[in-house]
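Notes follow once the structure below has been shown.
Counting from 1, the numbers follow the sequence of the chain as shown. Counting starts at 1 for both ligands and their atoms, following the listed order. Since the model is a prediction, treat every value here as computed from it, not as a measurement.
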Amino acid sequence: MRKSRRRLWLSGWSGVLLLNFLLVGCESGNQHSANGPTATVDPPVSESFIVSEKPLTLSIFYFLQNNVFNDNWPVFKQAAEWTNITLHGTIPQSATNADQLFHLMMTSGSIDDIVETTKDNFSKYGSQGEFVPLDTLIDQYAPHYKAFLEQNPDVRRNATSADGHMYFIPFVSDGELSTGWFIRQDWLDKLNLDVPTNVQQFHDVLTAFRDGDPNGNGKQDEIPYFMQGKEYGIYYLLGLFDVGCRDFCLSTDGSQVVFGAMDDAYAAAIQKISDWYNEGLIDPEIFTRGSEGPTYLFGNDLAGSTHDWFGSASSFNDTMQSKVPGFSLLPIAPPASESGRVIEWDYRNRNKDFGWGISAQNAYPEETMKYFDFWFTDEGRRLSNFGVEGQHYTMVDGKPTFTDEILRTGTVNVTLRNLGAQLGIGFQQDFEYEKQWTNAIGLKGLELYTANNYVKYHVKLPILPYTIEEEAEVKKLKGAIEDYRDEQAKKWILRNEKVADHWEEYSAALKRMGIDELLEIMNRAYNRYKS
Ligand code: CA
């Protein structure tokens with residue numbers, strides 16, 4: 001019964017949207033303003049998305065990525081027209097500290113109707129009765145989200161707290177690939193080299209970049225490999241030596257939580273990376289190279305290869321031409337590792353540990369849940385991904401397509417956030433949104449990695465359902481252990497020390513710091529997650 005009603009509901013909607021598209025299409029000439037006054041699409045004829053007969057205004061606590069909820073966001077104005085629910089943000093636009101404000105609100109005794117925060121906070125305050133358990137509300141009032149959970153059991157597991165309840169609807173990201181290998185094709189051409197396909201060839205190419213003066217200035221100033229990721233950029237090289245994880249990860253068979261940085265394979269791989277570093281194949285400033293690194297190094301024709309985001313890395317082919325004529329930074333397959341495996345270990349963990357939930361003080365939990373469900377309809381999802389039809393995108397061949405005005409802003413994700421789209425609320429991202437501002441080279445890279453299935457293992461930890469006691473214990477132990485791992489690795493690399501000489505001492509220190517106890521807690525929570 002419910003299913004057939006839903007289908008009717010949606011088919012009614014497609015017709016309405018088509019009509020809207022035609023209407024808006026006629027007057028689109030004077031409506032394309034990314035930040036201008038709001039001109040929402042005419043309210044639909046169907047009342048299917050109306051969640052309350054009388055208009056309701058609910059307060060919301062939202063502050064994420066330097067972005068405070070703004071009552072004028074066109075995306076939420078459109079949603080208000082369709083649902084009859086208006087959200088009112090309570091944080092001043094001038095606010096600077098989200099954590100502080102959240103805790104201030106929680107201790108003030110006055111909590112907003114809708115709150116955006118992390119799973120930790122939902123679990124903690126949910127178990128104290130400050131947030132409503134959503135399980136029954138979802139069953140009764142959120143058919144679209146319920147169906148989504150049925151099709152995506154991982155999302156349900158990730159959103160469930162240790163007490164068995166869901167207190168929030170998470171942001172669900174889309175698009176598996178994040179970063180990949182890139183090399184300067186123009187440098188390879190100058191030195192008459194082939195694209196490296198395994199770790200030995202990669203080493204030889206980096207050595208040729210170091211010695212062959214590919215930037216042609218007569219100085220040995222080339223940086224063969226760099227990455228902008230400060231504390232972690234160098235560790236993308238671990239995969240070349242068959243180490244997929246130096247963190248708390250799942251074993252490749254998914255059976256348990258392990259700590260990659262205590263394996264002998266890790267010791268051997270760090271030794272190799274240290275060797276490469278001390279041969280001058282790796283950026284001497286790799287541990288401090290921040291996000292301005294690529295622009296500086298590529299702009300001065302100094303860097304030969306990196307491992308970075310497909311979208312941003314490929315964009316340098318557009319932006320560097322005027323500074324470095326012939327600049328060509330192309331995606332390549334991951335060089336085969338020492339054992340011959342071609343694997344990309346990095347990928348996006350689609351389950352995020354944040355989203356929105358309902359405070360116990362909210363007088364309209366039923367309406368709020370229906371409103372949450374709206375964002376899981378096709379129309380709600382499109383609104384949250386692409387903005388308002390006719391203003392920010394138009395339908396082209398059945399696909400939402402950003403207007404030139406939106407695309408011209410360059411940082412489309414930031415532009416959209418300032419319109420109320422692509423927020424950290426409970427909705428399912430659509431990777432199509434990102435593809436539209438990735439250039440042809442980046443898309444080719446994505447295709448190469450997708451077609452060849454280079455992401456073979458999913459070892460990133462899910463959001464584990466800790467009890468409050470476990471959470472405190474994990475917080476106490478984990479940071480110190482990770483810091484120690486980082487310090488030691490850095491020391492071995494920068495000081496050219498033999499890892500084997502220190503490995504026993506390092507392993508003993510990890511035990512003293514409680515690595516066994518920590519893994520036991522994590523595995524307990526992981527078993528809870530799996531059941
Ligand atoms: Ca040079």
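- Vertex the Ca ion (ligand 1); arms to Asp213 OD1 and Asn217 OD1; angle rounded to 10 degrees, 90°.
- For the pair OE1 of Glu222 and OD1 of Asp221, the angle whose vertex sits at the Ca ion (ligand 1) is 80° to 10 degrees.
- Among the backbone and side-chain atoms of Lys219, an N, O or S atom lies under 3.0 Å from the Ca ion (ligand 1).
- The Ca ion (ligand 1) has no N, O or S atom of Gln220 inside 3.0 Å of it.
- Checked against side-chain contact (heavy atoms from CB on, under 4.5 Å), Leu443 has the following partners two or more places apart in sequence or in another chain: Lys435, Thr438, Leu446.
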### Task
Take Asp120 and Thr118 through the side chain to side chain donor-acceptor pair (under 3.5 Å) test and state the conclusion after the steps.
CA-CA 5 Å; Asp120 288 1; Thr118 58; 5.0 Å; no
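- Residues in residues 396-425 take part in these ring pair (Phe, Tyr, Trp, His ring centres under 6.0 Å) pairs, two or more places apart or across chains: Phe386-Phe402.
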### Trace of the side chain to side chain donor-acceptor pair (under 3.5 Å) decision for Asp264 with Trp503
CA-CA 9 Å; Asp264 290 347; Trp503 190 246; 3.2 Å; yes
